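In what follows, a single structure is set out as C-alpha cells and then discussed.
Because the structure is a prediction, the values reported are computed rather than measured. We use all heavy atoms of the structure for the numbers below, so side chains are in, but hydrogens, waters and symmetry mates are not.
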Amino acid sequence: FSLFVQLFYPIINTKAAHALTSDLATPTNLRLNGDKACGFATNVNYITPTWDAVSGATSYNYRVTVPSGATYGPVNLGNVTSVSGAFGGEGLSTFSVQAVDAAGLTSDWAPACAVTYDATAPASPTLQLPANNAYLNNNNFWFDWSDSTGASGYEFQASQSSATDGSGSLSSGVWHGDASGTEPTESRAWSSGANGVWYWQVRAVDMAGNKSAWTPAAKLTIDLTAPVATITNPTGGSVRGLVNLTGTVSDDNPMNSYFSIYNASGTLVSSSLYTDGRTTHDFSWNTDAVPEGEYTIYFETRDKAGNK
C-alpha cells in the first residue's frame with residue numbers, strides 16, 4: 001500500500017493542487033505503458049500512465065484511486081506528461097489528470113483511466129474428452145476440458161511424443177492451438193490430427209497474461225485404418241471330423257476377433273469370440289456334430305478404435 005503511494009503516486013511536487021478553473025483543454029489520450037488503452041490488465045507490478053500535452057499548460061495535477069477504494073491526490077507533477085510507479089496491490093486502480101496554467105488555473109479532470117493489476121494465475125483446467133488412453137476412428141472431434149475460473153482463453157498443444165520439459169510442457173514436435181493453429185478462447189479445441197498416437201494438454205490464460213500450470217498430458221490414439229481379417233485354414237473344399245479354423249488379424253490396435261459358421265439356410269451353427277487383442281485366432285469345429293452339407297465360415301475383427 002505504501003509502495004503504491006510512493007511509486008504509482010510519486011511525490012514530485014507537494015504543492016497543493018489548484019481549485020480554480022480556466023479555459024485550458026482537458027488532457028486527452030490517457031493511456032498506459034505507452035500504447036495500452038485504458039481498461040487493460042497486467043501482471044507486471046509497474047505502470048506508466050501517459051497523456052497528451054495541453055497547449056498553455058505549465059504543469060499537471062494527478063490523482064489515483066487504489067483497489068481499496070481510497071483516493072490519493074491531487075498532487076502537482078510539474079510539466080510532465082507521464083508518471084511511473086508500482087501498484088499498491090492487486091485489483092482495479094484508476095488515475096486522472098488535469099492541466100494547470102502559469103496562473104494556477106486548471107482544466108477539467110480527464111475521465112478516469114482504469115488498469116487492473118493481477119498477478120494471480122488461474123487454476124489449471126481438467127481434461128475431459130477424449131478420455132486418457134482413448135482410441136478414435138476419426139479425426140474430426142472436439143477436445144474438451146473444464147472451464148477455469150478467471151480465464152480469458154487457453155493454450156492447447158499436442159505432440160506425438162510424450163517428452164516434456166521441466167515445466168511439464170510437451171517439448172518435441174509440438175503443435176500449438178486447434179486444427180487451424182488458433183489458440184482457443186473457450187474450453188474446447190477442434191481436431192484434425194493425423195493417424196497415430198498423440199499426447200495433448202492445456203493451460204488457462206487470464207486477461208493479465210497469467211498462465212496456469214500445464215495439465216498432465218493425456219494420451220490419444222487416432223486410428224483411421226480398418227483391420228484386415230484373413231482365414232488361413234481351411235481354405236475351402238471338403239472337411240470332416242474336428243477341423244481347426246485359423247484366422248489372422250493385421251492391425252496396430254487389435255481387439256475383438258470372431259468366427260461364425262452358418263448353414264445353407266443362414267442359421268448360425270457355431271461361433272468363437274476372442275476379446276483379448278490376439279492376432280491369431282484358432283477355433284476347433286466339430287463337423288461330426290452337424291449334418292453334412294454346405295456351410296459358410298466368416299471371420300471378422302474389430303480394433304480398439306471401432307474400425308472393422
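Every residue two or more places apart in sequence or in another chain was checked for a side-chain hydrogen bond (donor to acceptor under 3.5 Å, both in side chains) with Lys36, and none qualifies. Shown here are the salt bridge (charged side-chain N to carboxylate O under 4.0 Å, His left out) partners of Lys304, two or more places apart in sequence or in another chain: there are none. Partners of Thr71 by side-chain hydrogen bond (donor to acceptor under 3.5 Å, both in side chains), not counting sequence neighbours, listed by chain and number: Thr65. A search for side-chain contact (heavy atoms from CB on, under 4.5 Å) contacts involving Leu129 returns Asp144, not counting sequence neighbours. For the salt bridge (charged side-chain N to carboxylate O under 4.0 Å, His left out) test, residues two or more places apart in sequence or in another chain that qualify with Glu186 are Arg188. The side-chain hydrogen bond (donor to acceptor under 3.5 Å, both in side chains) check on Arg302 picks up nothing, with sequence neighbours excluded. Judged as a side-chain contact (heavy atoms from CB on, under 4.5 Å), and not counting sequence neighbours, the contacts of Gln160 are Trp198. Remark: Thr232 pairs with Thr230, Thr246, Thr248 by the side-chain contact (heavy atoms from CB on, under 4.5 Å) rule, at least two apart or across chains. For Asn256, there are no side-chain hydrogen bond (donor to acceptor under 3.5 Å, both in side chains) partners, not counting sequence neighbours. Residues satisfying the side-chain contact (heavy atoms from CB on, under 4.5 Å) test with Ser146, not counting sequence neighbours, are Pro125, Thr126, Gln128. When the salt bridge (charged side-chain N to carboxylate O under 4.0 Å, His left out) test is applied to Asp35, no partner is found at least two apart in sequence or on another chain.
The hydrophobic cluster around Leu92 extends to none of the other residues, as no ILVMFWY side-chain heavy atom falls under 4.5 Å of it.
When side chains are defined from C-beta on, Ile47 counts as touching Val115, because their heavy atoms get closer than 4.5 Å. Residues Tyr154 and Asp147 have side chains in contact (heavy-atom distance under 4.5 Å, counting atoms from C-beta outward).
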